[in-house]
Amino acid sequence: MKFASSYEPGEYESDIYAAWEASGIFSPKISSLPIDDNGDGVDDRICTKSSQTFSIVMPPPNANGNLHIGHGLTVATEDSLTRYYRLRGRSSWYVPGADHAGFETWVVYERELEKQGHTRFEYSRDELYSRVWSFVAEQRGNMELQLRALGASCSWEDLTFTLDENVIDRVYTTFEKMWNDGLIYRGEKLVNFCPKHQTAFADIEVEHEDEKGTLWDIAYTYDGGEIIVSTTRPETLFGDVAVAVNPEDKRYKKLIGKTVKLPLTDREIPIITDEHADPEYGTGAVKITPAHDFDDFEVGERHNLERIRVIAEDGKMVNVPEAYYGLTTTECRKKVLKDLKDQDLLRGEKKIEHNVAHCYKCGTTIEPMLKEQWFVDVEKLAKTAIEHLENDEIRFYPENKKKVIINYLKGLKDWNISRQIPWGIAIPMFKKIDDRATDEPEWIFDRRTNLREIEKAGVKYVRDEDTFDTWFSSSHWPIVCTNWTEENFNPYYPLNVMETGADILFAWVARMIMMGLYVTGEVPFREVYLHGLVLDEHGKKMSKSKGNVINPMDLVTKYGSDAFRLGILRGRSAGLNQAFSENSVVAGRNLCNKLWNISRLIQSIVDEKESTSSESYTTENMGEDWICREINNCLEMVEKDMKDYRFAEAVEALYQTIWDKYADWFLESQKIYQNAELLKTTLETLLIAIHPFAPFVTEAIWQNLSWTEGFIATSKWPVKLKYDPISAEEFENIRIIVSEVRTTLQGLPGTNNAKKYNLLYDKDSLVEDNQLLIRALTKVPAINALEGAPRGLRLALANHELYLDVPAKVVEEYKDALTEKILSVGRELDALNLRMMNPNYVDKAPAHLVKETRDQITEKEQLIDRLKQQLELI
RNA sequence: GGGGUUUUAGCUCAGUUGGCUAGAGCGCACGAUUCACAUUCGUGAGGUCACAGGUUCAAGCCCUGUAAGCCCCACCA
């Protein structure tokens with residue numbers, strides 16, 4: 001095959017991915033079944049487990065949607081790790097996933113139904129479930145194709161969908177265990193309820209926003225007086241069961257224990273004391289509505305108060321006087337206010353700013369609603385998780401997140417796992433409907449959720465209509481993706497690393513840790529790497545409403561998959577929300593093209609030399625030793641950066657080495673002396689080293705090169721190159737000389753100086769021996785031995801006797817620049833001398849630093865001498 | 001209210017145990033040119049490291065405080 005003059009990703013990427021996939025190289029090589037090769041009855045995988053495997057699972061993208069830029073970062077990060085460890089020889093398993101995304105998908109589907117003029121209430125739960133299933137099935141596939149386009153080297157036959165049978169099975173097993181352990185309870189609690197979506201939300205799914213509101217003062221009367229309470233929700237007064245005042249509040253001391261008449265009703269309610277009442281706020285007296293307010297619920301618990309529900313799930317009034325019955329909360333508020341005013345009980349109103357909870361999908365105000373729900377008692381789970389975290393069993397990147405997650409777990413409230421939507425895993429609980437069977441428990445666990453009714457021992461039960469909170473099932477992710485079981489040892493569990501967004505640290509990571517420990521007794525992963533949000537180029541959050549959303553697929557199409565991966569990893573570090581810049585993707589694209597052309601050049605040299613394939617090379621000149629040293633340094637940096645999850649730094653090191661060192665110095669030098677075997681080895685080394693980040697272009701090159709075999713994706717991580725360190729260091733002198741020649745020529749008056757002036761050397765074997773090379777790198781027309789007295793312009797930085805053969809007239813024009821240079825070196829010298837004159841520095845600083853300073857002083861002094869010689873030559 | 005985090009060149013970011021004469025990419029300026037690559041090569045100009053104190057021989061880095069931004073959690077009847 002031939003190398004075109006530029007790399008066109010579109011021509012290679014899909015074919016390459018298809019070839020990888022067809023060859024099965026992304027499947028892990030170690031079976032998940034027990035192996036006992038030596039017949040000692042012990043599973044042989046146990047001893048070598050951690051050093052031989054690498055496992056990572058994909059946070060499942062929504063099966064129903066397209067990938068966004070955050071997924072792009074996720075894949076770039078996770079796949080780089082996977083490919084790196086695969087090259088390092090580990091049996092690597094990257095398990096892909098798809099999320100049924102319970103609520104997200106439900107919202108989309110319900111909108112779809114509305115468009116068709118239907119509502120969910122026309123169908124049974126089971127009908128809805130199968131309808132959404134088909135809906136998602138139609139959409140699925142998009143997301144998987146996009147993951148392939150990003151180069152994700154995952155094991156597709158292991159793709160796990162969150163509604164797969166084994167997932168449901170595992171979730172039921174856990175639930176059953178929790179039920180038997182008494183960790184599951186049915187409780188009447190206030191939940192965040194969205195009246196539009198008719199479902200409860202976890203606290204974490206609710207968004208709080210500041211809003212303008214009104215605080216009304218209402219008079220609650222008693223015989224011979226009244227107490228004024230302040231409220232933002234007058235319509236809930238029908239649910240009031242008490243008025244609370246602060247025990248320290250002197251104003252109301254006398255009223256404690258009295259009863260007052262609840263306005264617009266005949267009911268009498270007591271005046272109680274509770275810390276919750278803030279004397280500073282409003283009138284200091286607060287109405288207590290346990291069924292419709294979170295704080296009041298707690299006050300009610302403390303004082304054992306009744307909970308009166310006055311708002312139904314559809315957002316309409318119930319359990320209220322006839323005149324208000326069936327009104328919406330808004331209508332009811334109006335009427336209550338009007339009626340209070342008519343009865344002269346409304347004593348004032350004040351505009352305030354307060355924080356209101358909203359549904360994160362539709363923006364509807366969340367109604368705290370009293371509901372029977374399934375809860376997980378999290379106390380023990382959280383406690384165990386904290387113990388293991390404090391025991392440093394999981395390493396976090398960034399480190400500080402460990403503290404944050406422990407802090408969260410310490411204050412964790414019981415977990416409401418019921419959701420009132422059909423799209424999800426059915427809760428496997430059945431309620432007794434046979435009242436005569438009084439000895440039987442009210443609720444029983446049963447896996448047969450495909451049935452609406454079951455019969456056990458002659459008693460009939462009906463299935464709970466609710467489904468699980470998605471986090472309940474996804475907290476099993478490391479367990480279900482690796483097919484962990486109670487019976488067999490699994491070499492892929494715990495995962496080596498969990499990679500995900502820092503924004504779901506609480507919702508997901510914390511729950512996976514609790515669940516992993518509960519189910520398997522082990523932490524589910526050894527390390528956690530959290531990435532931040534990808535912000536737009538101005539550092540703002542991407543959102544549809546702002547119109548600043550960037551589609552990763554557009555970038556892949558425009559610049560190639562590798563360019564996207566290199567670009568998105570650049571300038572990014574763990575846990576931080578950082579801006580995205582298309583420029584970085586452009587730089588990535590350019591690097592791919594550079595790699596392509598480097599390979600093209602090397603292939604042409606190899607062809608020309610008809611190099612017979614031999615494994616070893618010998619270095620023959622300084623540049624060759626030098627590049628081996630630089631490549632070794634680069635490998636070391638990449639290895640360390642990968643261990644520390646410093647992807648941006650690893651990419652940076654490779655970029656600098658490939659471009660600045662390999663292409664601009666080494667390959668240029670190879671235009672004089674060519675070492676085909678070394679070129680082959682060094683190219684392979686660099687291609688493999690950057691393969692984790694740029695899989696497609698490196699594979700495309702690998703397949704085009706005449707001497708390589710197999711896939712680069714499954715090649716071996718390179719060993720360090722052998723070289724002569726003294727020779728390598730000598731090449732630095734050449735670099736210094738070349739750089740100075742270039743700089744000086746650019747600084748001289750006139751243009752095209754490189755072609756005008758020759759370089760003269762005096763008794764210098766380094767320059768004499770490397771004339772060709774220096775000429776090629778500097779472009780000077782000739783390099784000659786100096787004859788007679790020194791002339792022209794002496795090069796001062798390089799510690800060699802070198803002169804540019806420049807006419808006196810030109811040097812004269814350069815004089816000012818030279819004088820300025822002498823002054824600036826003089827200033828640096830002064831600073832160094834000042835440091836040495838400080839006795840504390842000489843006494844206290846480490847000896848090697850003091851010596852370094854002394855050496856620098858000597859160097860500067862010599863440099864000034866040489867610069868002065870330049871002046872004298874004029 | 002609690003917690004976290006950021007502030008370094010025009011822009012986006014490195015700077016890991018204090019040794020810095022503060023780096024990179026992009027952008028900018030100047031120069032080169034067809035023999036791997038204009039998705040190129042060479043050279044250069046850009047910085048009171050947010051601010052104020054402190055510790056130290058030495059502070060971008062450590063400590064105290066201030067300011068501005070961002071994120072998360074809790075919550076205001």
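All values below come from the heavy atoms of this structure, side chains included, with hydrogens, waters and symmetry mates left out. Note on naming: letters A, B, ... go to the chains in the order of the sequence lines (proteins, then strands), and numbering restarts at 1 for each one. Every value quoted in this text rests on a predicted model; they were computed, and no experiment measured them.
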**Q** Which parts of nucleotides 10-21 of chain B does protein reach within less than 4.0 Å, heavy atoms only, written one letter per nucleotide 5' to 3' as B for base, S for sugar-phosphate only and - for none?
**A** --SSSSB--B-B
**Q** Quick one: side chain to side chain contact (heavy atoms under 4.5 Å, CB included) partners of A:E852, sequence neighbours excluded?
**A**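 Only A:L849, A:Q856 meet the side chain to side chain contact (heavy atoms under 4.5 Å, CB included) criterion with A:E852.
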**Q** Considering residues at least two apart in sequence or located in another chain, which fulfil the side chain to side chain donor-acceptor pair (under 3.5 Å) criterion with A:K661?
**A**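 Counting only residues at least two positions away or on another chain, A:K661 forms a side chain to side chain donor-acceptor pair (under 3.5 Å) with A:E630.
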**Q** Taking only the side-chain nitrogens and oxygens of A:K779, find out if one of them lies under 4.0 Å from OP1 or OP2 of B:rU43.
**A**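 No, outside the criterion.
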**Q** Among all residues two or more places apart in sequence or in another chain, which pass the side chain to side chain donor-acceptor pair (under 3.5 Å) test with A:K351?
**A**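 In terms of side chain to side chain donor-acceptor pair (under 3.5 Å), with neighbours along the sequence ignored, A:K351 is linked to A:T214.
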**Q** According to side chain to side chain donor-acceptor pair (under 3.5 Å), who are the partners of A:D249, at least two apart in sequence or on a separate chain?
**A**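 Testing A:D249 for side chain to side chain donor-acceptor pair (under 3.5 Å), a comparison that skips the adjacent residues, returns A:R251.
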**Q** Does the cation-pi check pass for A:R511 over A:F506, that is, NZ or CZ under 6.0 Å from the six-membered ring centre and within 45° of its axis?
**A**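 No.
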**Q** Who passes side chain to side chain contact (heavy atoms under 4.5 Å, CB included) against A:N577, sequence neighbours left out?
**A**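 By the side chain to side chain contact (heavy atoms under 4.5 Å, CB included) rule, A:N577 matches A:L533, A:L535.
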**Q** Which sits closer to the 5' end of RNA chain B, A:N838 or A:S5, going by the nucleotide each is nearest to?
**A**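 It is A:S5 whose nearest nucleotide is closer to the 5' end.
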**Q** Could you list all N or O pairs between the protein and nucleotides 26-28 of chain B that sit under 3.5 Å apart?
**A**
from: B:rC26; atom 1: O2'; to: A:N583; atom 2: ND2; distance (Å): 2.8

**Q** Taking Watson-Crick (N1-N3 plus N6-O4 or O6-N4) and G-U wobble (N1-O2, O6-N3), each under 3.5 Å, can you produce the dot-bracket string of RNA chain B? Use [ ] for crossing pairs and | for inter-strand ones.
**A** (((((((..((((.....[...)))).(((((.......))))).....(((((..]....))))))))))))....
**Q** Classify the side chain of A:Q746 versus the base of B:rG31 as yes if they form a donor-acceptor pair under 3.5 Å and no if they do not.
**A**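 Answer is no: no donor-acceptor pair is held.
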**Q** State which residues pass side chain to side chain contact (heavy atoms under 4.5 Å, CB included) with A:A579; sequence neighbours excluded, sorted by chain then number.
**A**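 A:A579 satisfies side chain to side chain contact (heavy atoms under 4.5 Å, CB included) with no residue once adjacent residues are dropped.
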**Q** May I ask you to list the residues of residues 555-566 of chain A, by number, that have any heavy atom positioned under 4.0 Å from an atom of RNA chain B?
**A**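 Those residues: none at all.
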**Q** List in chain and number order the residues that pass side chain to side chain contact (heavy atoms under 4.5 Å, CB included) with A:R735, two or more places apart in sequence or in another chain; answer none if no residue qualifies.
**A**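 Side chain to side chain contact (heavy atoms under 4.5 Å, CB included) check on A:R735 returns A:W626, A:W665, A:F731, A:E732.
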**Q** So, using side chain to side chain donor-acceptor pair (under 3.5 Å) as the criterion, who are the partners of A:K860 when residues are at least two apart?
**A**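 Listed in chain order: A:E828.
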